[in-house]
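Atoms considered below: every heavy atom in the structure, side chains included; atoms not considered: hydrogens, waters and symmetry mates.
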Amino acid sequence: MSHTLNLRPALLSRWLPWPKRIDICLLSFVAMVVAYCDRVNLSVAAPLIMQEYHWDTVQMGWALSGFFIGYTLFMIPAGRLVDHFGPKRVFAAGVAWWSIFTALTPLSRSMAGLAGMRAIMGAGQSGTIPSINRSLVNWFPRQEYSRAFGFCYSGGFAGPILAFPLASALLHAFGWRSVFFIFAVLGWLWLPFWLKGVSDKPENCASIDQSELNHILSARPSLPAVEKVPWLKLFQLRPFWAVLMLHFSANWFLYVIVSWLPSYLMMERHFSLANMTIGSTLPFVSALLSSNIWAVLIDHLSKTRNRIRVRKAFLIPFICAAGILLFVPHVSSPIGTVILLCVSMSLFTSVISIYTSGSTELAPRYAGTVGGVQNCFANFAGVLVPVIVGYAVKISGWDSAFWISAAVSWFGIGFFLFFG
């Protein structure tokens with residue numbers, strides 16, 4: 001296959017010291033930071049909202065699940081839009097959309113109203129994963145998938161690192177409603193950089209170096225235009241179902257932490273607002289660092305070893321992470337609690353590069369659509385976790401929430417080990 005590049009690159013000078021494809025990665029990482037800031041702000045505000053409106057964990061659980069209802073239902077349509085119109089425009093529209101409804105969130109005064117507003121906001125975020133998947137498949141050679149996907153999705157851990165202390169400071173200074181007004185600005189600050197600095201494919205980029213373009217195209221899967229998605233063939237693939245189950249179980253584990261950790265630390269462990277901020281942030285600092293280390297290790301070992309066996313071997317830390325979570329309610333000291341959460345989150349992140357790159361390796365031509373299907377399925381965990389944990393805590397206490405999380409995690413791991 002021959003590829004030519006027009007003469008425009010010779011007329012443009014690139015002043016940044018890294019390859020152009022790293023721009024795509026960095027902007028996708030920042031987008032994930034913003035997305036998770038706007039996703040977890042309600043979790044941080046939840047204890048004060050529950051106090052003001054006299055809600056219990058069940059009512060708050062329904063409000064928290066609202067985001068994931070909209071996010072999940074629109075995931076597949078968003079994936080189809082990404083494959084049809086390209087990730088640049090679809091992603092930009094999604095960020096603008098969810099930022100508007102983040103700012104409107106405090107206007108809701110009832111549980112149903114808050115859940116509905118979050119559902120509309122979640123619909124805007126539904127294009128995030130399909131857009132990032134398609135951008136990375138277009139811009140990166142296959143041998144760099146784990147590192148690229150691992151780094152971009154680690155922005156989901158950097159988001160809470162920024163969101164928890166910033167939201168806590170805003171809560172203390174201006175009340176919980178200010179969190180949503182201020183956080184809405186983040187997406188609008190990101191938009192100009194994405195619109196100015198990104199093209200859908202490297203072949204269409206005026207500032208990419210010819211040697212980098214050759215490097216990308218030399219190992220990038222063939223990506224002809226998408227006409228019809230082979231749904232039947234896709235859903236007959238056992239490895240695809242294995243990726244879906246693994247992603248669902250990983251999301252369950254993560255959303256227990258994302259949705260309920262601030263409430264758990266304040267309501268059950270009696271952390272102050274300041275200590276809750278530290279205790280909620282440190283596990284995500286650990287996850288941010290470890291997720292990129294795991295991704296580099298997976299790519300490095302996959303060069304000389306069977307890729308499937310390498311991926312299955314890196315599920316062992318996830319197995320341990322789920323087990324460690326069971327000990328969290330039984331540690332008496334606050335420091336011990338936070339240490340266990342940090343270790344568990346660090347081990348958990350070994351699974352991220354496995355499920356994020358899994359479906360794109362199975363069907364790179366349909367990266368947006370397949371990413372939408374995968375995330376639609378996996379994010380039913382986000383719909384279920386807030387409600388089920390809310391009921392479980394009300395009926396049986398917090399121990400049951402951690403046991404359910406471990407059981408779901410181990411089920412997904414087992415499914416992938418047999419069919420992945």
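Remark: Tyr36 pairs with no residue by the ring pair (Phe, Tyr, Trp, His ring centres under 6.0 Å) rule, at least two apart or across chains. In this view, Thr281 satisfies the side chain to side chain donor-acceptor pair (under 3.5 Å) rule with no residue, not counting sequence neighbours. Listed by chain and residue number, nothing satisfies the ring pair (Phe, Tyr, Trp, His ring centres under 6.0 Å) test with Tyr153 (two or more places apart in sequence, or in another chain). Under the side chain to side chain donor-acceptor pair (under 3.5 Å) criterion, Trp260 pairs with no residue, sequence neighbours left out. Looking at residues two or more places apart in sequence or on another chain, you find a ring pair (Phe, Tyr, Trp, His ring centres under 6.0 Å) between Phe68 and Tyr255. In this structure Arg177 satisfies the side chain to side chain donor-acceptor pair (under 3.5 Å) test together with Glu52, Tyr53, sequence neighbours excluded. Among residues two or more places apart in sequence or in another chain, the ring pair (Phe, Tyr, Trp, His ring centres under 6.0 Å) test is passed with Phe284 by Phe164. In terms of the side chain to side chain donor-acceptor pair (under 3.5 Å) criterion, residue partners of Arg147 (sequence neighbours excluded) are, by chain and number, Asp299.
Of the candidates Pro317, Pro283, Ser286, Ser346 forms a side chain to side chain contact (heavy atoms under 4.5 Å, CB included) with just one, namely Ser286.
Sorted by first and then second residue, the ring-ring contact (aromatic ring centres under 6.0 Å, His included) pairs with a member in residues 99-121 read Trp97-Phe101; sequence neighbours excluded. Pairs of residues two or more places apart, or lying in two chains, never qualify as salt bridge (charged side-chain N to carboxylate O under 4.0 Å, His left out) while including a residue from residues 270-280. Identified under the side chain to side chain donor-acceptor pair (under 3.5 Å) test for residues 287-298, with sequence neighbours left out: Ser154-Asn292, Ser290-Thr349, Trp294-Thr349. Note on residues 99-108: no pairs pass side chain to side chain donor-acceptor pair (under 3.5 Å), not counting sequence neighbours.
Electrostatic pairing of Asp83 and Arg134 counts as a salt bridge here, judged by a charged N lying under 4.0 Å from a carboxylate O.
Residues Leu42 and Met60 form a side-chain contact, since some pair of their non-hydrogen atoms from C-beta on lies under 4.5 Å apart.
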